[in-house]
> 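Below is the structure I would like to discuss, written out as structure tokens.
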Amino acid sequence: MEITISGPDNFNFKRTALSHGWYDLPPFHLDNETWTLTRVIDLHPNRPVTATIRGDRTSIRVSVARKLGKRASAKVIRDARHMFRLDDDMTSFYESVRHHPEFRWIAESGAGRLLRAPTVFEDLVKTLCTTNCSWALTSKMVAALVGALGAKTEDGRGSFPTPESMASVDETFYREEVRAGYRAPYLKELAERVASGTLDVESWLESDLPTPALNREIRGVKGVGQYSAENLLRLVGRYDGLALDSWVRAEFAKKHNGGRKASDKKIARSYKRFGEWSGLAFWCDMTRNWISGDEDGGKW
DNA sequence: GCGTCCAGGTCTACC
DNA sequence: GGTAGACCTGGACGC
């Protein structure tokens, strides 16, 4: 069955699917020849389903292999809207970038909606797996989690593990199977806190806390430092942090500093003019070339 | 084949 | 509050 969901003005399926590395981590998979994003959607307590998602500048089309009931369909629609940020209001961000000629392409191409997982828990676990290692290792860790602990679809894919399933295995599993190294106790502790209800990470989506206070709360999770907290804040819709890591620092050096390393203060100064949107303007600037203007259907 | 470096960092002890 | 050193893994690189 296929479900079509209308996108907001200025929506761009390709820019969202390829907005950052998540498209490459299971249970996401992007075929960028056909521009099809595959995603396993959890329908707990029922079996998860593989969704293939295509889209354009106006909508996304979600296909699933089996016929779904009302409740399951609603869950698929909710997750798709959430992952593609279809309900995010980008008006003020686009107004802000339009004042700067070299950033105008962002509004014209509909960039800035960052792909995210259906749950904050998944985004947080994945963020922990990106720290202090190569992307290849991140990919390996996430694939091991999904392969070993995810519920299986009819076609043999795995969903992202629930906090309960991650809490049910011991630290040795994270060291020896996931190859998470020193991150093993962090993953175990996070899963236990979420599964037991002592930490509600999903509440961060709607939190009334000012961003600095929410940042402090997120950093209360073992293994989450400045980069990880700011990365997660972007995924819950707060964009004032730059989430500086070695990749973006190198990218900024290449693009704007003649290949020389720039101080973090200098990077921050370059995007300060965007205020609460500075982290998003920065990220879009760093990833502009991930998609060409032609493919975007953009005018820039 | 082996050693070293470092990648989409964070924690802790110490000053 | 600032900083050095330790922490896991695995691919890239030089020799």
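Residue numbers begin at 1 in each chain, while the letters A, B, ... track the order of the sequences.
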> Output yes when D123(A) and R116(A) qualify as a salt bridge under the 4.0 Å nitrogen-oxygen rule, no when they do not.
no
> Charged N to carboxylate O under 4.0 angstrom, E122(A) versus R39(A)?
yes
> Could you tell me the separation between the CD atom of E230(A) and the C1' atom of dG9(B), rounded to a whole number of Å?
13 Å
> Figure out the OH/P separation between Y227(A) and dC11(B), and round it to whole Å.
14 Å
> Write down the distance between NZ (K222(A)) and C1' (dT12(B)), rounded to a whole number of angstrom.
10 Å
> Applying salt bridge (Lys or Arg N to Asp or Glu O under 4.0 Å), which residue pairs with at least one partner in residues 258-275 of chain A are found, sequence neighbours left out?
E102(A)-R273(A), R249(A)-D264(A)
> Taking the nucleotide of DNA chain B with the closest heavy atom to each, which residue, W283(A) or Y186(A), is nearer the 5' end?
W283(A)
> Going by distance alone, is a donor N or O of one side chain under 3.5 Å from an acceptor N or O of the other, for W277(A) and D240(A)?
no
> When you check the gap from the basic side-chain N to the acidic O, do E171(A) and R175(A) get nearer than 4.0 Å?
yes
> Whether the D155(A) and T50(A) side chains hold a donor-acceptor pair (N or O, under 3.5 Å, no angle test) is what I'd like checked.
yes
> State whether T130(A) places a side-chain N or O below 4.0 Å from either non-bridging phosphate oxygen (OP1 or OP2) of dG9(B).
no
> Taking the ring centre of each residue, are Y23(A) and F28(A) less than 6.0 Å apart?
no
> What's the CG-C1' distance between D24(A) and dA7(B), to the nearest Å?
16 Å
> Could you give the CG-to-C1' distance, from L115(A) to dG8(B), as a whole number of Å?
16 Å
> With a non-hydrogen cut-off below 4.0 angstrom, is S228(A) in contact with a base, only sugar-phosphate, or nothing?
sugar-phosphate
> Let me have DNA chain C in dot-bracket notation, would you? Count Watson-Crick plus G-U wobble pairs, both distances under 3.5 Å, and use [ ] for pairs crossing earlier ones and | for inter-strand partners.
|||||||.|||||||
> Please report, rounded to the nearest Å, how far the P atom of dT3(C) is from the CG atom of D264(A).
13 Å
> Salt bridge between R234(A) and E230(A), side-chain N to carboxylate O under 4.0 Å?
no
> For dT10(B) and dG11(C), measure between their P atoms and round to the nearest Å.
23 Å
> Does the side chain of F121(A) reach to within under 4.5 Å of the side chain of L124(A), using non-hydrogen atoms?
no
> Give the residues of residues 132-141 of chain A touching DNA chain C, defined as any heavy atom closer than 4.0 Å, sorted by residue number.
N132(A), L137(A), K140(A)
> Looking only at the side chain of R179(A) (C-beta and beyond, no hydrogens), which of the listed nucleotides dC11(B), dG10(C), dG8(B) gets closest?
dG10(C)
> Would you mind classifying the nucleic acid contact of R183(A) as base, sugar-phosphate or nothing, using non-hydrogen atoms under 4.0 angstrom?
base
> Taking the same atom, C1', in dT12(B) and in dG8(B), what whole-Å distance lies between them?
23 Å
> Between dC11(B) and dG10(C), how far apart are the C1' atoms? Round to whole Å, please.
22 Å
> Any side-chain donor paired with an acceptor under 3.5 Å for D285(A) and H256(A)?
yes
> Check the distance between dG1(C)'s P and Q226(A)'s CD and give it to me in whole angstrom.
15 Å
> Figure out the OH/C1' separation between Y182(A) and dC11(B), and round it to whole Å.
9 Å
> Classify the nucleic acid contact of V224(A) as base, sugar-phosphate or nothing, counting any heavy atom under 4.0 Å across all strands shown.
sugar-phosphate
> With rounding to the closest Å, how many angstrom separate the P atoms on dT4(B) and dA6(C)?
15 Å
